[in-house]
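Below is one structure, written out as structure tokens, with a few remarks after it.
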Amino acid sequence: MIKYLALIIAMGLIANSAFALSEGVTEIDANGDGVMTIEELRAVYEEMDVETFSEIDLNNDGVIDDDEMVAAQERGLVPATTDG
């Protein structure tokens, strides 16, 4: 029973973390089209360069979707929040 409760708590923490990561993603998508361009990322992360953008763009389509951004945040390529 204790293992079950620990698992439930851990799953809740993971889900909460993923939600918090993805909330910042919507702040970056300036035009609301559901993806982020390098220009939109540079407006928030001035240090964003083409090399990092390419590393984040896992499917190489030239834009970053929410899943790619959350994965980049989890990998430490960009901060998990856009707050200063």
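- Panel note: side chain Asp67, backbone Ala71; no donor-acceptor pair is recorded below 3.5 Å.
- Note that CE of Met48 is 8.0 Å distant from CG of Leu77, once rounded to the nearest 0.5 Å.
- Nearest heavy-atom pair across Glu68 and Val63 is OE1-O, 3.2 Å.
- To the nearest 0.5 Å, atom OG1 of residue Thr52 and atom CG of residue Leu41 are 10.0 Å apart.
- Here the closest non-hydrogen pair linking Arg42 and Asp49 is NH2-CA, 4.0 Å.
- Checking Asp57 against Ser54 by side-chain atom types alone, no donor-acceptor pair falls below 3.5 Å.
- Here the side chains of Glu27 and Val44 are not in contact, with every heavy-atom distance at 4.5 Å or above.
- Closest non-hydrogen pair, Ile64 versus Phe53, comes out as CG1-CE1, 3.4 Å.
- Val50 and Leu58 fall into different hydrophobic clusters, where Ile, Leu, Val, Met, Phe, Trp and Tyr side chains are chained together by heavy-atom contacts under 4.5 Å.
- Using modelled atom types, one side-chain atom of Glu40 and one backbone atom of Asn31 make a donor-acceptor pair closer than 3.5 Å.
- Here the closest non-hydrogen pair linking Gly34 and Asp29 is N-OD2, 2.7 Å.
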